[in-house]
Every structure is written in structure tokens, then in C-alpha cells.
Amino acid sequence: MAEAIAKPLGLLVVGIGALLVITNPSPKEFREFAGTELAEQAVAEFCPPGKLPLMLRLVVQNCPELIRAQREPLGALADQFSQRLNFGLFSVYTTQLAGGQLLPQLALPGYELKTLAVAGQFLVLKATESNAP
């Protein structure tokens with residue numbers, strides 16, 4: 001009786017494992033995810049009404065559209081500052097970005113993110129902001 005249960009259960013575990021390996025997101029998919037996430041964070045940070053200085057508001061007509069158009073370069077930037085640990089069934093991306101690395105003339109905060117990539121999905125496990133540029 002135990003063998004009758006063990007064999008199908010073993011096949012189920014192997015099947016789920018194979019499915020996770022196949023759907024483990026690639027670095028390209030991470031870049032796309034990170035670019036979208038960074039763009040949305042930037043829109044929330046820079047585009048609320050009254051946030052941009054008057055002179056910039058005269059030049060920038062649609063702040064959210066302008067920033068969202070930068071998803072690809074933002075994803076490439078995130079990829080440049082990320083390390084991937086590939087466990088086969090899933091991956092963990094660690095992104096460390098010091099604000100001074102991007103725009104040394106501005107006092108931007110630094111960020112560290114840990115992102116789980118599994119079954120074609122991304123989940124930010126931890127996001128830490130530091131005030132040190």
C-alpha cells in the first residue's frame with residue numbers, strides 16, 4: 001500500500017520540480033521586471049503634483065510617461081548592480097545600489113533589494129533604503 005502512494009507522490013514531486021526549473025525566470029525577465037518596478041518607483045517619487053520645480057514642469061509635459069519610457073535602461077541599470085544566485089528551482093537576486101553611483105552630484109539614497117524569482121514570478125523579499133549616498 002505504501003508503494004502505491006509513494007510512486008505517484010514521487011512522480012508529482014519530480015513533475016513540480018521540473019516545472020519550477022522550466023519556469024525559473026531568466027536574467028532578461030529580471031531586467032524587464034526591475035525596469036518596470038524602478039520606473040513606477042520613480043513616478044511615485046518625482047511626478048506627484050507640485051513635486052517638480054516650476055522650470056522642469058514647463059519642459060516636462062508628462063512626467064509619468066517620460067519616466068516609464070525609460071524602463072529598458074532602468075532594467076539594464078538594475079541588472080548591472082545585481083547578483084543572481086540560481087538554485088535551479090528558483091533564483092534570488094540581490095541588488096545593491098548606492099545613490100552616489102548614479103548621480104554623484106545629488107544626495108540620493110542607496111538601496112538594497114532581495115528579490116525571489118520563482119515560477120515565472122518575482123517577489124521582493126526585502127527592500128532597505130540608506131541615507132548614505
Side-chain angles (χ1 to χ4, degrees):
M1 175 94 169
E3 284 184 34
I5 295 173
K7 190 173 183 177
L9 186 59
L11 288 174
L12 180 63
V13 168
V14 168
I16 291 172
L19 185 62
L20 288 174
V21 168
I22 292 168
T23 60
N24 184 0
S26 68
K28 180 182 182 237
E29 291 168 306
F30 174 74
R31 282 190 300 275
E32 292 168 359
F33 164 79
T36 299
E37 287 295 308
L38 285 172
E40 292 308 313
Q41 289 294 323
V43 166
E45 178 72 24
F46 297 113
C47 297
K51 184 73 175 189
L52 286 177
L54 179 61
M55 292 304 291
L56 276 178
R57 281 185 285 184
L58 294 173
V59 176
V60 176
Q61 298 300 312
N62 189 336
C63 180
E65 183 179 314
L66 178 69
I67 291 176
R68 288 182 181 125
Q70 303 307 309
R71 284 189 304 261
E72 193 173 314
L74 288 169
L77 180 70
D79 186 45
Q80 180 181 348
F81 293 101
S82 297
Q83 289 186 319
R84 178 186 191 207
L85 292 175
N86 186 355
F87 295 98
L89 303 175
F90 63 93
S91 297
V92 175
Y93 289 86
T94 302
T95 306
Q96 294 183 315
L97 186 60
Q101 291 173 306
L102 295 177
L103 297 169
Q105 64 274 26
L106 295 176
L108 296 174
Y111 294 95
E112 179 177 331
L113 293 109
K114 289 212 183 283
T115 306
L116 174 67
V118 63
Q121 302 295 312
F122 294 93
L123 176 65
V124 177
L125 300 174
K126 179 182 174 187
T128 309
E129 179 180 336
S130 69
N131 290 331

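Quick note: residue numbers are just sequence positions, from 1. All values below come from the heavy atoms of this structure, side chains included, with hydrogens, waters and symmetry mates left out. As the structure is a prediction and not an experimental result, all values here were calculated from the model.
Following chains of ILVMFWY side-chain contacts shorter than 4.5 Å, one can reach Phe33 starting from Leu113, so the two form part of one hydrophobic cluster. Under a hydrophobic-cluster definition in which Ile, Leu, Val, Met, Phe, Trp and Tyr are linked whenever side-chain heavy atoms come within less than 4.5 Å, directly or via other members, Leu89 and Leu116 are assigned to the same cluster. Using a 4.5 Å cut-off between side-chain heavy atoms of Ile, Leu, Val, Met, Phe, Trp and Tyr, with links allowed through other members, Tyr111 and Val124 fall into the same hydrophobic cluster. Leu12 and Val118 fall within a single hydrophobic cluster, where Ile, Leu, Val, Met, Phe, Trp and Tyr side chains are chained together by heavy-atom contacts under 4.5 Å.
To the nearest 0.5 angstrom, Lys28 atom NZ is 12.5 Å from Asp79 atom CG. In this structure, CD on Glu29 lies 8.5 Å from CG on Asn24, to the nearest 0.5 angstrom.
Minimum interatomic distance between Pro25 and Ala119 (heavy atoms only, all atoms of both residues): CD-N, 4.4 Å. Closest heavy-atom contact between Val43 and Pro48: O-CD, 3.7 Å. The two residues Pro64 and Cys47 have their closest heavy-atom pair at N-SG, 3.5 Å. In terms of heavy atoms, Ile67 sits closest to Ala42 at CG2-CB, 3.6 Å. Residues Thr95 and Ala78 come closest through the heavy atom pair CG2-O, 4.1 Å.
Ionic pairing of Glu40 and Arg68 is present here: one or more N-O contacts between side-chain nitrogen and carboxylate oxygen are shorter than 4.0 angstrom.
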Subject >> Verdict with supporting geometry, Phe81 and Gln96, side-chain contact (heavy atoms from CB on, under 4.5 Å) >> reply: CA-CA 6 Å; Phe81 293 101; Gln96 294 183 315; 5.9 Å; no
Subject >> Test side-chain contact (heavy atoms from CB on, under 4.5 Å) applied to Leu20 and Phe87, step by step >> reply: CA-CA 10 Å; Leu20 288 174; Phe87 295 98; over 6 Å; no
Subject >> Residue pair Thr115, Leu123: steps toward the side-chain contact (heavy atoms from CB on, under 4.5 Å) verdict >> reply: CA-CA 6 Å; Thr115 306; Leu123 176 65; 5.9 Å; no
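Counting heavy atoms from C-beta outward, Phe90 and Val92 have side chains that approach closer than 4.5 Å.
Residues in residues 4-33 take part in no disulfide (SG to SG under 2.5 Å) pair, two or more places apart or across chains.
Each of Arg84, Lys114, Glu112, Gln83 was evaluated against Thr94; a single residue qualifies, Lys114, per the side chain to side chain donor-acceptor pair (under 3.5 Å) test.
Classified by interplanar angle (parallel below 30°, tilted 30° to 60°, perpendicular above 60°), the ring pair Phe30/Tyr93 is parallel.
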